[in-house]
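Here's the structure, in structure tokens; my notes come after.
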Amino acid sequence: MDFEKPDPMTLALDAARLAGNRNEVPVGAVIVHHPSGRILAKVGNETVQRNDATAHAEILAIRAAGRMLGTQRLSECDLYVTLEPCAMCAAAISFARIRRLYYGVVDAKGGAVESGHRFFTQPTCHHGPEVYGGIREEDSATLLREFFRRKRV
């Protein structure tokens, strides 16, 4: 029997849903090792759980993938995240030398890839990944909308 591997953005959305169920902002991230296709990390936000403002899904995924590979450089890795990364996460993506970034929905208020100061286009940025936005955009947007709608009730 031949089973298909789940697509990485589906896994990121699953991680985002789990984060939302834990009362975290529903953002999920997955890191895939490009040559092997191996999933190195699948995590959601944990800022509330850890009482740590830096525990964004992207940061946690980068840390986990670095531990798995035994290196700080993730140049053979692709990151899938449900929300456009903020400035902190964009810097971590750059420092980790992520190969490609795929994200779901634009974050007009807090994003730093296509929105805000566009971190990867700055002259002080040493590495910018290939960037692909709008991946499963509506699914990502719906998770966020529903989460914040429930918060306002």
Side-chain angles (χ1 to χ4, degrees), residues 6-34 39-66 69 72-153:
D7 120 80
M9 190 56 88
T10 298
L11 295 174
L13 285 161
D14 291 346
R17 278 186 204 89
L18 291 172
N21 292 342
R22 294 190 315 270
N23 206 30
E24 301 278 358
V25 175
V27 176
V30 168
I31 292 185
V32 178
H33 186 249
H34 175 65
I39 303 294
L40 300 177
K42 175 188 161 193
V43 295
N45 275 353
E46 293 184 7
T47 58
V48 174
Q49 178 180 329
R50 294 179 185 234
N51 294 312
D52 179 356
T54 69
H56 289 195
E58 300 95 309
I59 301 291
L60 298 174
I62 288 168
R63 289 175 182 164
L69 294 176
Q72 64 177 328
R73 299 282 189 241
L74 304 176
S75 59
E76 294 184 330
C77 295
D78 298 339
L79 171 63
Y80 295 78
V81 63
T82 58
L83 181 65
E84 176 185 6
C86 68
M88 173 183 70
C89 293
I93 290 164
S94 176
F95 293 148
R97 306 295 197 265
I98 294 287
R99 185 179 82 108
R100 289 185 181 145
L101 167 65
Y102 299 88
Y103 70 88
V105 67
V106 166
D107 183 355
K109 190 173 182 180
V113 176
E114 286 187 39
S115 307
H117 71 277
R118 299 178 180 222
F119 187 87
F120 301 128
T121 66
Q122 300 303 310
T124 54
C125 179
H126 297 292
H127 168 77
E130 291 178 33
V131 176
Y132 302 91
I135 312 298
R136 304 281 302 269
E137 181 175 20
E138 189 52 40
D139 294 330
S140 298
T142 298
L143 274 176
L144 290 162
R145 248 190 327 270
E146 290 299 312
F147 177 80
F148 287 111
R149 184 187 56 74
R150 286 191 306 272
K151 287 284 199 192
R152 288 189 289 274
V153 173

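Computation of the quantities below employed the complete heavy-atom set of this structure, encompassing side-chain atoms and omitting hydrogens, waters and symmetry-equivalent molecules. What you see is a predicted model, and the numbers here were worked out from it, not measured in a lab.
- Among residues at least two apart or in separate chains, ring-ring contact (aromatic ring centres under 6.0 Å, His included) pairs with a member in residues 93-116 are Y80-Y102, Y102-Y132.
- Between the side chain of N45 and the main chain of A57, a donor-acceptor pair closer than 3.5 Å is present.
- Residue pairs satisfying the salt bridge (Lys or Arg N to Asp or Glu O under 4.0 Å) criterion with at least one member in residues 115-134, sequence neighbours excluded, are listed as follows: R100-E130.
- Shown here are the salt bridge (Lys or Arg N to Asp or Glu O under 4.0 Å) partners of D78, two or more places apart in sequence or in another chain: R99.
- Side chain of H127 to main chain of I98: a donor-acceptor pair is present (N/O by atom type, distance under 3.5 Å, no hydrogens or angles).
- Between the E24 side chain and the T47 main chain, a donor and an acceptor come within less than 3.5 Å of each other.
- Looking at residues two or more places apart in sequence or on another chain, you find a side chain to side chain contact (heavy atoms under 4.5 Å, CB included) between H117 and A87, A112, F119, Q122.
- Judged purely by atom type and a 3.5 angstrom limit, E84 has no side-chain atom pairing as donor or acceptor with the backbone of A108.
- Not counting sequence neighbours, R63 has no partner by the salt bridge (Lys or Arg N to Asp or Glu O under 4.0 Å) test.
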Sequence neighbours left out, cut at 3.5 Å: what donor-acceptor pairs do the side chains of residues 8-18 make with other protein atoms?
from, atom 1, to, atom 2, distance (Å)
T10, OG1, D7, OD2, 2.5
T10, OG1, R136, NH1, 2.7
D14, OD1, R17, NH1, 3.0
R17, NH1, L13, O, 3.4

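- The shortest distance between side-chain heavy atoms of V48 and R22 does not fall below 4.5 Å.
- Scored by the side chain to side chain donor-acceptor pair (under 3.5 Å) test, K109 finds no partners at all (sequence neighbours excluded).
- A search for side chain to side chain donor-acceptor pair (under 3.5 Å) contacts involving S94 returns nothing, not counting sequence neighbours.
- Residues passing the side chain to side chain contact (heavy atoms under 4.5 Å, CB included) test with T142 are E138, R145, E146, sequence neighbours excluded.
- Partners of E46 under the salt bridge (Lys or Arg N to Asp or Glu O under 4.0 Å) rule, at least two apart in sequence or in another chain, are R50.
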